[in-house]
Structures are given as structure tokens and as C-alpha cells.
Amino acid sequence: MTIILVTDSASDIPPELAKQHGIRVIPLNVMINDTTFKDGIDIQIDEFNKYMFEEDILPKTSQPSPTEFLNVYQEIINQGDSIISIHISSKVSGTLNSATQAKAMLGTLPENQFIEIIDTKLASIPVALIAIEVAQSLKTNPDWDFQAQVSVAETITSKTSVYLAIDTLEYLEKGGRIGKASALLGSLLRIKPILSMSDGEVVPISKSRSLSQSIQRLTHIAQSADQLHAVAIIYNTNDTLLDEIEHQIALQNPEITVIRSRFGPVVGTYVGPNAVGIAMITK
Amino acid sequence: MGINSQQIINCLENAISNLYTIKQTLNDINVFPVPDGDTGNNMYLTFENALPQEGFSDVSDTVSYINGQLLLHSKGNSGVILSSFLSKCLTELAISSLENPQTWIAAFSAGYTSALNSIATPKYGTMLSVMQEISNISLYSDESMSKLDDFFQKVVNIAWNETQNSSQKLPELKAANVIDSGSAGLTAILFGMASSFSPRIAAMYEETYIPWVNSYLSKIDKPSLMRYLASRDSEEEWGYCTQFIVAKDCGVTKTKIEDMFEQFPTTQSLVILESNSFLKIHVHSDDPKPLLEHFSNSFQINNISCDNMSDQSHSYIGNGIVVVLPSSDFIELFQSLGIYRVIIWDHLLEPPEEVFRSISNIKDLSEVFIITCSELSLDIISMSVNKMSNKMRPSLCSAVTIPEAVGAVLEYDQELTLSDNQEQIRQKINEITTTTLLLTSLHDVISHQLRDETVIRDSNWQNLMFQIITSELRADTSLITLYHGSNITKKELAQFTDRFIQSYGSMEMETYGTSNARDSIILSIE
């Protein structure tokens, strides 16, 4: 039995890595004015950012429909394979709900075929990092049964964290995804928070007055993490902001290949310009 | 399962789903009765497991099961009042046709009366007002009563309207410029129930109601709420949200419980729910221990829960920082940063009695981090606190200037110990360079002495400020902030900002103006 990994486009998985690891990516929907685009298929990030930052249009996002999941799940099940479906937090998107509904729509699966849907309680690049690590485990341990691979995915998920330095809370606020970071709203000074995700929600963990101070803190967080196993970094509009973080991580962890990615339209809707992030899996 | 059983379950499934979609927003806008950020969770948890996994053939069995679950799992003030309303509503609906609007109004009315009777001190401007309004038959025109679709449209409109009105009805909500989250949650439930009978209401919920409720995330004015809360007499501690159940087989009655609570006059938000077999008691109390002891000496009490609302509300209010400022010029700035309390005291003057009273009113100073804007005021406060009580051990930190105090506030981390905070804040303060440019001019010329003792002079403050920045700039500088008075014009600031961007494009700059005229501009370099 082969296990196929499925994730969603809000994982911000670089397309070449998804292809390399055979990970199926279900696109979320991005609505700009009255037009709906499939994230990463009909619209790419540069075009999206043009709408968002130059034309000042706030796009809306929505989860894939259960049918979109159903079509992919059905195809994989028809091939005789099983599925581990790894998704963004159910507290920030209905994507997991659509996946769960699709699984229910499939009814009873053929013998020895399984579908496991994992709520990572995270969003963006850490979800991709988890999917890539699970893909590595599938390759390294091809004889392990389905449940063992699900356990691996769950263990990796529990060891994964994400930190984002954002330039403005404006877009999280407009998109209604601000969670507990709403405590930082209303300040008469510009506050550049570092956000993380806890139990599926966006939480502020630190505050700075300038973006470069935030990025320094992000670097410090990565440097002080115990026994890093895998790291990914991500940016929205300015990739040079990642250089120092990548350099410092490489100095301290020369054995790790840092994955570099870019926020896609879905997460980009909320993090705004100049946002950078780091996802880490500890050993 | 009878048709009514299925209809009731469908109604409630939609209601649960609606609550789920906005529960986080309800948490975030939760202000009354305690801003502890849990109304959405409490309402959802009350509902979450209320529905039977397998249907009952008799509708009364279905309703009886749901009512039992609602009462048993009801949580928090909002959840308990909601379960009282819904239980009675469902009981009424179970014996009538769901297709008849009159049935629904009668059910709402019975639910409202039940909720009202369960609350010791009813407060309007809350979900109680929504219950009252949707029960008011005079608000329904004949036209709205002719078709179920129109009727439910009217129900949700009334509920929505009352939720909107809530922002003006309670002083806490008015101060925070926000709607009552319990009312918003109940309206979401009504939308869910109504959408079982009218698909257009489901669309209206998604497209209009959710964005409207979410819009309060950005409208909520937490600094204003904090100012209001700080102005009240008993503002500091919220106590414990305490719940327990007493089985009725010991002969206890609701009246008996109400009488027993007379011995605890400081308790608040008492709600007593009654089912056939048990009473559920919900109350807010500063000290639940004697209360629970008293009740457990009289009856067997079960399912006891005690949530510390003080902890919950503190995390909402921001943090445990008290800032002592030399003047009111920057008070709004610190309040906007979520400061627990700002005390104004010019340390060059004798501390007025209200400064000490303000500090001594903080019940547990061991939880408070006090930041002052001078060493002297720190020493005086420290001595005063020690005199007040040797048990009080607040953590103290001196920031000499306003930018340092801002830096200290932002550096404060609730997760760290007070001593670790002190250390981290000290480091942060060392990273901030502050210079004050006095605008006092002699023959229209302002002068300023740089750190190397060079005296610079110019008629234009901007020119002087640029020389100061050039002199103070470090390789790792990333942010320049100007704190100025209302006598600096917008035009001057715009000129300065443009010039700054041209000269130091890679650095960030921010200005903050107070509403008072000031004879100085404070420059902060970080």
C-alpha cells in the first residue's frame, strides 16, 4: 500500500518541493472583486500583491469545497492507495472541515485503505515543513504500516512551531484572523509584533518598535531553539529580509538545509507586506 | 423520529454551527460582565454536546435529553443564562407546531421568563434584552406573521437590532464601543435556528451578520474600557466564576439556595437553573472557598468548577504594568499600549495623597510591575510601598525618559519572572538613546548642546534635529521616534519626514504628537 500526502495551498509549500515529494496540493480560493481564483493556479503571488498593495483591494479567501477534496481523495483511493491529509488550523480556515466532509462523503473505504486528516493547528510554511518531513519518513520507512506513519505525522506536528514578524497588524485585523493578537490593536505607536500559533490560534509573543528589531528577535528565537531538525523560512514582499536569518541558522546548524518559501495569496492576505516567518521542527 | 424531533435537532445543529464560526470573535469582544474573553467558548461549550447521537422517537424525550445536557454542560454566565432560555423554549416548542409563528413567540416568551427568573440581578443591554425583544408580539406586524420565512426574517432583525443597541445600554460596552458578545452569540443562534426554515437567512448570516460582528474586532476601544474600569471602585479583582450542581432529592429548592446566598452579599452574577432532578448554581465570588464550604455542609454538591476571572481579565487588559508619568501629556499613549494603570505624578513635587492611594488600591502589588520616569520617584514609591505593607513586593523599574518607558512597557513579558523582566528591560533601556531638544529660543535662535559638548544653533528646529540625529546615529539604529507637542505643525512634520526619508531611507521613523503644546521635542534613537 502506498500512502499519498495531501495538503492545501495555505501551507505555502514551494511547488517544486511538492512535486519532488509527490504531495498533492488542494488550492484554496482567493476572491478579488467578483472573480474567484484558485490559489497558486489561477493567480500567483506577484499579481496578487499588485491588487493588494498597489490597488488597495482586500481580497477574501475561502476554503476548497468538499467536492474538490472528494475528487482528489477519490482518485487516490481508486488507485488503491491511502491518504494522510495535512492541513492548516481549523480555527483559522474551514479547509479541514471540507476535508472531513469529503472523507465522510466517501463512506466506507476498501479494505486496508485509510484516510487520516491532520489538523496541524498551524498555518503557512510549518504545514509545508510537516508535509515534507512526513514525505521523508514515508521514503525512509516504506515498510511501516499506515498507523505508524500517522503517528510520525502527529509527532512531527507536535514538534513544529512557527514565528512571524509582521510589519502591520492591519491585514490580520481586516481579515478577521487576528485572534489574541487583537490585544495589540489600538496602540498610538506602531508596534511590530512577533506572532506565533498556539492551539490553532494566532497569538502575540513579543513586541518591537521596528521591523528590523522584530527580525533580530526572530533570528534569536531560531538560535535559541534546542536541537533543530528542520527549518523553513518565508517572506512576502522582500526576500532580502530573510538573508540574515538564514545566515545565522546556517552558522549554528550547518547540517540543516533551510527551505526558503514565499507566502502565497491566502496567507499573504493576512500577513501584509514585509512579513517574514520561520518554521522549525525540533528533534 | 417524529418530524418535530428532527426539526428541533436540525435547528440546533445550525445554531451550533453558527456559534462555532464566530466563537473566537465573541471571545475577543467579550466585555460584560467580566472582560475575560470566554463568552464565545462558554456559549459553544454549553451547546457542543447537547444533541443526542441517536434520535428519540418521542419529541418530548429528545427535548428532555437536550435540556438535561444544556443544563449540565452550561458554562459561564452567558452559557448558563442561554441554557435557561433555550431549555424552556424547547419545552414549549415540543408541544406545538413549529410551522406556526405564534408558537415560536410563545416559546421565546417562556424562555425569556425562565432566564429572567434564574438571574438574581438581571441586567439589560445583554442577551436578556434580545430574549425580551423577540418575545414582544407587538413588534411583529401581521405581514411578518403570515409566512414562516418572513417571520424568521423579522426575528433575526429584531435580535440583530437589539444586539446593535447593546453598545449604548451598558457603561462597559459604551466605554469599549462594542456590542454585547452574549447578545451577538444569541443572535447567531437565532440565525441558525431560523435558517432551518429560510435559506435566505443562512446566506444573510454568512454574508452580512458575520462580517458585521467581526467589524467590532477593530472598533473595540480597549484603552477606553481600561480607563472606565480603572475609574470604578472595585475594579482590580474579578474573583472566581464558580459553578456547582445540587441534586434536588435532598429537598433543596431554588428559594432555599437564594436565601443561602444572602449570607454572601459580595457575590455577583448569581444564576440558578432548575431541572427536574437538579439545580445548577453559577456565581462570581472573590473568595469561593467559604461559599463552597457552606453549601457542602448543607448538601452534597457536585461538578464544582472555579475559574479565576482575574487571571483571564488581566491577560485581556494587557499586562500588570503600572506606569508613573511626570505629566498627563503622554497618558493616552501609555493607555493605548494596554497599561493596567497610569499614575500622574511630577516627581519634583511632593507626592499627592492620591498617588499613594492609587498605588495602595492595587490589591496585590506582588503581581505588578511599576515603571517610573525617574530614579527619585522610583525610590519614593518603593519606600511608600514598603511602609504600606511588607507583604507587597512589586517589581520596580526606572525609565528616565518617555521613550525608555515605552521601551520598558513593550519589553515586558508576562511569561517571564519579574526579576528576568527587570533584567531584560534594563538591557532594552540601554539600547535607547533619548535627546530632548528645548524649543526655547533667544532672538529666534534655538541652541542645543551635543553629547561631545559642541553647541549647535539654528532658527529651525528641523535643522537642529538633523544635526542631533547625525551625531547620535549608530550602525545598528533602526528606528527614530519624535515625541512632540501640538505646537509642531503637520506641515513641519511632513517636511521633516520627507527630509528624513531622503537622508536615511533604510531606517524607520515615527512621530507621536500629544494634544498639549510642549516646549520640547523628545527624540528617541533605537
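Predicted, not measured: the structure shown is a model, and the values here were computed from it. Every heavy atom of this structure was used, including side-chain atoms; hydrogens, water molecules and symmetry mates were not.
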Where B:Met509 and A:Arg190 come nearest, the two heavy atoms and their spacing = O-NH2, 2.8 Å
Find the distance between CG (B:Leu479) and CG (A:Leu211) and round it off to the nearest 0.5 Å.
-> 11.0 Å
B:Ala399 meets the side-chain contact (heavy atoms from CB on, under 4.5 Å) criterion, sequence neighbours left out, with B:Ile371, B:Glu404, B:Ala405, B:Ile429
Can you name the nearest heavy-atom pair linking B:Glu508 to A:Ser212, along with the distance?
-> OE2-N, 3.8 Å
Student check: side-chain heavy atoms of B:Tyr20 and A:Asn97 closer than 4.5 Å | no
Do A:Gln213 and B:Lys428 have side-chain heavy atoms sitting under 4.5 Å apart?
-> yes
Heavy atoms of other groups near A:Lys50 NZ, more than 12 under 6.0 Å | no
Nearest-0.5 Å distance, CZ of residue A:Arg209 to OG of residue B:Ser524 = 7.0 Å
Cut-off 4.5 Å, heavy atoms of chain A, and the answer for B:Tyr483 is side chain
So does A:Arg217 pair up with B:Glu411, basic N to acidic O under 4.0 Å?
-> yes
Neighbour count >12 (heavy atoms, 6.0 Å) for atom NZ, A:Lys38 | yes
